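Here is the structure we will look at, set down as structure tokens.
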Amino acid sequence: MKEGIVETISWNVSISEANHSVVTEFIFLGLSNSQELQIFLFLFFFVFYVGIVLGNLLIVITVASDLHLHSPMYFLLANLSLIDLSLSSVTAPKMIADFFRTRKVISFKGCLAQIFLLHLFGGSELVILIAMAFDRYTAICKPLRYTTIMCGNVCVGIVAAAWGIGFLHSVSQLAFAVNLPFCGPNEVDSFYCDLPRVIKLACTDTYRVDIMVIANSGVLTVCSFVLLIISYTIILMTIQRHPLDRSSKAFSTLTAHITVVLLFFGPCIFIYAWPFPVKSLDKFLAVFYSVVTPLLNPIIYTLRNKDMKTAMRRLGKWNRNSGITS
Ligand SMILES: *[C@@H]1O[C@H](CO)[C@@H](O)[C@H](O)[C@H]1NC(C)=O
């Protein structure tokens, strides 16, 4: 009886060992092999990443320090900036450090961590974008009920829901990738790990897992995108029907929101929901998604937004003044 149990246990252990991937690390092929190009790409992405960090931190600091910007829209914007910064920090620093390495290695666990964090931040960003659309919808289409609908608790709830949904989405995606056997090729033709590319390397029939990724990430992005387009269309139609005196300001805020939505969802839909991947375009979109979009968000919001610009000027003045007095 006892021996039987021991036998079963050791049998289980050997099964799980056999299941355990032979692959302990993945190798990124990176963006290009050319040595001269590496230096150029390094500088290019380094500057972009510094811009991402500074730009997004500036938004967070400006919103936090300026009382005029203590409203749901700017709280959500600051949260979006924080998420953008985190999202690009998952991939960009490693990519930049890898430019001068001939062997761009990432451990199996590191790869899973990248996938987890990408989907955690990506999922949260998606919820924040929807919340920002809802906020604008309420402000423009239901202006009298705005303050009752978007009260402080709701805003905190939205942010909590964003992280919760991001976490659930990420865990439900990773659950399928963790158990895949990896035994053969370990070269990822990219500069970071993400599901569609890593799944391809598994030495098993991945048809079902592919479907799961499309059903989860793909459907989620496409549905949210359609929802956002519908809500912004309704908002734009409302503005046209009732030209308020502040409609030009509302309009420029809206175009900024819509641009950010298109920038975020364009690459996302192509990566997760497009059934016919085009190799070179895929890589380009990955670059776009990890360094261009997170930099464009702060630029779009600050350039298109008078209140933001005024607040930043005030922040600068305050800093100079406090520098003189201290
Ligand atoms: C995110 O939103 C919450 C809820 O409105 C707010 O309290 C918090 O300050 C925001 N975070 C940042 C970094 O602005």
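Predicted model only: the values in this text are computed from it and were never measured. Starting from 1, each residue takes its place in the sequence as its number. One-based numbering, in listed order, for ligands and for the atoms of each.
Note: Tyr137 and Tyr232 fail the aromatic proximity criterion, with ring centroids not under 6.0 Å apart.
Asn79 ND2, 4.0 Å is the protein heavy atom nearest to atom 8 (C) of ligand 1. Protein heavy atom in closest approach to atom 6 (C) of ligand 1: Phe75 CD2, 4.1 Å.
Taking hydrophobic clusters as Ile, Leu, Val, Met, Phe, Trp and Tyr residues chained together by side-chain heavy-atom distances below 4.5 Å, Met73 does not share a cluster with Val156.
Proximity to Ala78 (heavy-atom distance under 4.0 Å) selects the following atoms of ligand 1: 12 (C), 14 (O).
Between atom CZ of residue Phe28 and atom CD1 of residue Ile106 there is a gap of 4.0 Å, rounded to the nearest 0.5 Å.
Between Phe264 and Tyr289, the ring planes lie tilted relative to each other; the angle falls in the 30° to 60° range.
Between Val63 and ligand 1 there is no heavy-atom distance shorter than 4.0 Å.
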